[in-house]
Amino acid sequence: MSKIGKKPISLPKGTEARLDDGSCTIKGPLGEITVPLRSEVEVRLEEGMIFVEQKGQGKFAHSLQGTIRQLIANAVEGVTKGFRRELLVVGSGYRAKMEGKKLVLTVGYSHPVVYEPPEGIKIEVSPEKVSVGGTDAVKVMVSGTDKQKVGQVAAHIRGIKPPDVYKGKGVRYADEIIHLKPGKSATTGGK
């Protein structure tokens with residue numbers, strides 16, 4: 001049995017779980033998430049706890065038990081607390097602002113880049129500047145109930161202008177460490 005898959009998931013107060021044919025729906029104060037289930041695993045709901053057990057034997061059923069259990073646990077956390085990812089827009093002249101629900105980035109291109117988030121994702125731009133390596137940076141927060149969607153949106157925004165390896169300019173995760181490469185150095189003597 002999977003180590004992660006064996007752990008039961010407890011439902012916090014104000015959270016409900018419903019098992020339908022081939023899906024598990026978690027409903028909480030922040031919304032509702034439906035997790036599709038596979039035939040290789042069985043999900044049981046008992047006294048505010050969710051148990052995930054594998055039906056068949058084999059590596060695939062074994063790995064699916066842990067995967068489905070973690071997807072349900074993420075759904076429970078998402079509808080109760082939510083997920084959040086922070087990005088930094090670093091570089092002189094680089095800016096980020098909100099126009100309605102759209103994020104507008106000015107990051108060194110000849111035109112501003114407009115990003116419209118998908119449904120269920122909220123983007124905020126912090127009014128305060130953050131200092132990163134002596135340069136002012138703008139903090140962008142991506143939040144939502146679906147962990148996968150929040151991570152995907154943050155990756156899309158980072159992909160608009162990934163951090164430069166020589167100067168560190170661009171869009172990066174707040175906890176990302178950039179190892180800068182040394183630039184070209186002048187040759188000393190010789191041919």
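This is a predicted model, so every value here is computed, not measured.
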(request) Please report the shortest heavy-atom distance between V43 and L19, naming the atom on each side. (result) O-CD1, 3.3 Å
Indicate every side-chain donor-acceptor pair of residues 76-85 with a distance under 3.5 Å to a residue at least two apart or in another chain.
| residue | atom | partner | partner atom | Å |
| --- | --- | --- | --- | --- |
| T80 | OG1 | V76 | O | 2.9 |
| T80 | OG1 | E77 | O | 3.2 |

(message) Looking at every non-hydrogen atom in both residues, tell me the closest pair between E53 and Q65 and how far apart they are.
(response) CA-NE2, 3.9 Å
(request) Applying salt bridge (charged side-chain N to carboxylate O under 4.0 Å, His left out), name anything that partners K55, two or more places apart in sequence or on another chain. (result) none
(message) How close do K149 and E119 get, counting heavy atoms only, and between which atoms?
(response) NZ-O, 3.1 Å
(request) Please report the closest heavy-atom contact between A155 and Y173, naming both atoms and the distance. (result) CA-OH, 3.5 Å
Please set out all donor-acceptor pairs under 3.5 angstrom arising from side-chain atoms of residues 100-115, sequence neighbours excluded.
| residue | atom | partner | partner atom | Å |
| --- | --- | --- | --- | --- |
| Y109 | OH | I160 | O | 2.7 |

(request) Quick one: list whatever passes salt bridge (charged side-chain N to carboxylate O under 4.0 Å, His left out) with R18, sequence neighbours left out. (result) D20
(request) Search all heavy atoms of V125 against all heavy atoms of A96 and return the closest pair with its distance. (result) CG1-O, 3.5 Å
(message) Checking the side chain of T67 only, and the main-chain atoms of S63 only, is there a donor and an acceptor separated by less than 3.5 Å?
(response) yes
Under 3.5 Å, which donor-acceptor pairs link side chains of residues 161-169 to any protein atom two or more places apart or in another chain?
| residue | atom | partner | partner atom | Å |
| --- | --- | --- | --- | --- |
| D164 | OD2 | Y166 | N | 3.2 |
| D164 | OD2 | K167 | N | 2.8 |

(message) Applying side chain to side chain donor-acceptor pair (under 3.5 Å) as the test, list every pair that has at least one member in residues 121-134; sequence neighbours left out.
(response) none
(request) Heavy atoms only: give me the nearest V132-A137 pair and the separation to one decimal. (result) CG2-CB, 3.8 Å
